[in-house]
Amino acid sequence: MVFELINANPVVYEKKERRARSAPSDYSDEYAAEPIDQQEVFDHVRDIKDPEHPYSLEELKVITEDAIEVDDMQSYVRVTFTPTVEHCSMATIIGLCLRVKLLRSLPSRYKVDIRVAPGSHASEASVNKQLNDKERVAAALENPNLVDMVDECLAPSYG
Amino acid sequence: MAESSRLGQSIDSFVDSSCSLTQQAASLDTITSLVKNGVLSVEGLVREMEMYLTTTDNIIRARGILLLGEVLACLVSKPLENATIHSLIGFFTDRLADWKCLRGALVGCLALMRRKLDAGMVTDTDAKAVAHSFLQNLQVQSLGQHDRKLCFELLECLLECYPDSVAPLGDELVYGICEAVDSEKDPQCLLLTFRIIEVLARLFPDQSGPLASFAGDLFEILGCYFPIHFTHPKAEDLGIKRDDLSEALMLAFSSTPFFEPFAIPLLLEKLSSSLPFAKVDSLKYLSSCTLKYGAERMLKHAGAIWLAIKDAIYNSIQEPALSFTSESLVGLGFQENEIAKEALTLLQRVIVQSDSLYLSLIVKDEDINMILNTITSYESYNDIYSQGRLKLHVVGRFLSISARSSIASCNRVFESFFPRLMEILGLPVKNLSADHSPIVSSLISKRLNFGALYLCIELLASYRDLTAGSKEIASKSISASETCYGMLQSYSNLLTEAFCSTLVTSPQDADIYFGVKGLQILATFPGYVSPMLISEFESILITLMSIITLHFKKTLLWKLSLKALVNIGSFIDEYHESEKVSSYMGVVVEKSISLVSLDDFTMPFPLKLEAISGIGASGLNYMLKIVRGLEEAIYTNLSEFYAHENMKSPEITIRLLECYSNKVLPWIHENGSFDEVLLRFPVNVWSQIESHVDFSIQVQEMELLDATMTAMRHAVAFCSVESQNKIIQKAYSILSSSTFFPLKEFTSLTIQFQLGGLQLARKIDNLSYRDEWILSLFASVVIAARPQTPIPNLKEILQLFMTTLLKGSVPAAQALGSIVNKLGKESNELKISSDCTLEEALETIFRTKLWSSHDNGALMKCSGTNNGSEMSFADSCLGVVNNNLPQIHAITGLSWIGKGLLLRGHEKLKDVTMIFLEFLLKNNKADAFPLKQNSLESSSERDLHPSVIKSAADAFHILMSDSEVCLNRKFHAVIRPLYKQRFFSTMMPILQPLIMKNDSSLSRSMLCRAFAHIISDTPLTPILSEAKKLIPIILDCLSMLNKDIQDKDILYSLLLVLSGILTDKNGQEAVIENVHHVINNLTKLIAYPHMMLVRETAIQCLVAMSELPHARIYPMRIQVLRAISNALNDPKRAIRQEAVRCRQAWASIASRSLHF
């Protein structure tokens, strides 16, 4: 079967330099809390590999730091990603990867909301609905083929 | 006959191609050794092999000839007769035509050609015959790789070793070589090829020689390899790297000037390649060729080369620029990559070769002139857009490199650019007679043009470097008549003022940086060529110094000025400019000393100290002066404390002392030993104490005492034995004249040690502060003394320290430890030791019988009756029941003494540790020590206070850990190698069963504590070998220690030991058996609230454990994942990151475990 890429020639952007955190504060303050913030969540997802290219989501600008909203007090994260092409059928896979990655990386108190950036996808509403439907996500993760695909995309981010 | 049959067999097995390689190698060895040992002559061998060498069977003949060749190759150093060599080389030369057995012929030729003169060489005629036959018969490119390599080796050998015999072949040779090397592709052969061409070029240097006519053809072959594009996957398996090939090709390119018409255009063309390595190579080759081809030939390429250099630099330098605060800054701080570096090297080379030509190119260059024209429109650095900055940077580099190359070019550059820059800066030519005030004042109000400022400083810097760099150049050719000298002289005054005004008025980093740099350069011209008057030099120093004293709020300016001052100081010190040194002393050094001694609080004190120590470090003379100033300041401050009531906070004095001991002393020590300088401080401090009988220092000034002690320790430690002796004598005389000395009642072996309002306690309590100072300082002197330094009246001092130790004086304990550590064994052969040997000293320490009393008044004598009287000091600790403070002090003291013994590996340490162990076991009499039963029958009825037991456990920490304060290399401790390992391996067999058997929770936990102290300071290797036994105890300790927040540091260091075990392969095997317990413990520690590092390490340990065998850890998976998912919610970010890693590691050991 000839496998045709959906976006055969994506634009690759440069990786942003990893901002070094201002040294782990002072050691005197052993009990000070460092709330989960935008950058931390971004660090979790930036290295997820694109399902069809050997680039990270960051390099393809599917995810940017500004597209992540975090409210540590309310335990709420909202990730808005931008598929590289409008009709991208990989959008749901990317969304699933994001969800799984955050599921594994954030404390269980968090509610994660994953959305396609408005106007960036042909069937925006249905993708959003699919990604935020607990039942459907659970069902997708029962599917061994899908799980393999997700695991493959997540693999490099632990490197 | 046995030999001949062995020979026959060997030959057969070599020639037989069905034999294995090892058999063949073995038979070759046999034959070689036969010939080498003289059992068989070469002629004999040839005769024996006759049939193989002449048979018509191609395969056998080839093998036979190869065998002969290989044997000869092994006999290179065996002398052979000329006739033999002649006939052999004749044979092989003939065989070169026999292509079926070429390999053997080549090996044979090569072996014979490589012979040295002392073992018999091939004659010139024979060599010529070889060359002839080679050129006639061999089609090198049609051969296999190995044969080609042999061919090239043979060619190289011919050219290198027999140049005279091959030279007459002339055209034929060159043509043959062209043919042979054409379109070679194997890297190893290529390396040889390049080498051959290089040697060939050396062979025919003549203008009318054969090479000159073939140069075009030869270069056509050579040129297609440039740039070397080497894609061999692994450089290691050939032993050849791209760089080797490139280097060899470069040598071939530059081997003869005849290549010039072909090579230079090619190189210039390849400069425009898009491959970075091609550019770098082109520039490198150009540099190399320029040197070899000579100025005359390169003349016509000058214009093109200049353009190419410019182009390469402009295109290769890119942002980002370094900031002006960074350490080493070139030009405007743009990053220069390899291309730019090579281009600048090339520029330097060509300028050195033909300066007038390139300088006129630079001077007339349109780009440079255009930039000079445009910079007028930008006032400050920030106005210039980034492309402009880059151009400015490049122009600066050009000017600096060209001015740096020689005096003549420096003159030329100055002539062409300097007046123009001055004009842009707005500095008029100085009229020698006229005074300049109106112009200068108008100038100061105006800001300097940044671009011109930068370029001007680059020029100044290169002129300075040129004059300072090489004294020969300077004295020979630089005189006052040089153009640049004259120019600079006429402007120096104005420039100085201009730079100074920049510093004060400009708020921008760039201006400040270059202003300071300019001043520094102006001040660092070597004396004989300096365009500066001494008064101008002084005014620069004054300006910089005023920045130091007044503008300390502008951090960058302040730092740069200090750096410039330090630089100037070390420069004039290095060039021995006495006049300038004296003005530097006057302006800078004196002033900075006065900074410290004045009560002027406008300038922050730490900055003052930074300035003074920095300036001092720039030269020895300055430092000596500064030390004096610093000491004076310390003395006055200290004497104020001694004499008056508390006048001001001791902070300044403490800082002074810190600066003295941390910065000044080490510097003095490193730069030559100045014993009298080092000696002065301690002696003066002691004299001061001596002269102040009335002391008013309060208790709260302990910090001051600490700082004084530290300074004292460091100063004494750096002194030589003689000086230390003087100090100790002085200190002792003061000590002995003090009110509490000698402690008469203590000199007897029985000391009445009574508590609860009894004599001794009161006596020590009544020590005045002055006495306490004296005692502590004396202790620090003793701590820092070298082993050879005698301590007077040691016995008395021991007594004194012992009693003060019980009062809780840690320095006294440390001094005792230091004494027992350093005291010579037996009577020292050097006879410098004191009245007391180590044995005696220990005797004194341990036999001191201390009487203790209970509250009820019953006196109790606690002397070891049966098993060693050495216990009695310890008994003093044990005996005092109702007041646990002295007990703790005694234990601390004993542990320092024990540390001293441990470091030198003394057997008495055993007794000390036994005492500690007794404390730990005090609470359960069931398995009491025999020691205890005997000696402590009477007192063991009462339980000890837990804090006492705890301090006994912590004594092991003192024993094992490295101390900053005493008993280390700096303070000349006697340290036996591997003492930690030794202590570990003696203690473990004792502690282990004790911990296992013990039921009482208190003593068990205390034993564990001791165990943790020992193990966490032991190197990992001995622990690993015992890991199996230790792990259960470590786990016990971990669970015990995580209860109390005060134990977090021990907990952490113990956890580090565990993680060390986990990351080692042997350790992992030991862990496998206890996986369950280890994981239980670690999962508890993940939630340890008091220390982030503990949590982090625990998680990292878990990550390491996920590598263990699957079957062992799989059952623990759920427990771990549950614990980790809590860690995801940790308040600390680092922990959360580790938790994510750990979770993934554990989740992936099971398939698709997304729900965890």
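- Distance CZ/Arg104(A) to CG/Leu1121(B): 10.5 Å, rounded to 0.5 Å.
- Between the CG atom in Asp72(A) and the CG atom in Asn1129(B) there is a gap of 8.0 Å [rounded to 0.5 Å].
- Counting heavy atoms from C-beta outward, Arg109(A) and Leu1128(B) have side chains that stay 4.5 Å or more apart.
- The environment of NZ in Lys1048(B) is crowded: more than 12 heavy-atom neighbours from other residues, nucleotides or ligands sit within 6.0 Å.
- Within 6.0 Å of atom OH in Tyr55(A), 12 or fewer heavy atoms from other residues, nucleotides or ligands are found, so the atom counts as exposed in its surroundings.
- Taking the salt bridge (Lys or Arg N to Asp or Glu O under 4.0 Å) definition, one finds that Asp66(A) meets it with nothing, sequence neighbours left out.
- Between the side chain of Arg1133(B) and the backbone N or O of Pro35(A) there is at least one donor-acceptor pair closer than 3.5 Å.
- Summarising the local packing, CD of Gln1046(B) is surrounded by 12 or fewer heavy atoms from other residues, nucleotides or ligands at distances under 6.0 Å.
- The most heavy-atom pairs under 4.5 Å with chain A, out of Ser1125(B), Ala1139(B), Pro1131(B), Ala1127(B), come from Pro1131(B).
- For residues 76-85 of chain A, the pairs satisfying salt bridge (Lys or Arg N to Asp or Glu O under 4.0 Å) are Glu69(A)-Arg78(A), with sequence neighbours left out.
- The distance from atom CZ of Arg1143(B) to atom OG of Ser105(A), rounded to the nearest 0.5 Å, is 7.5 Å.
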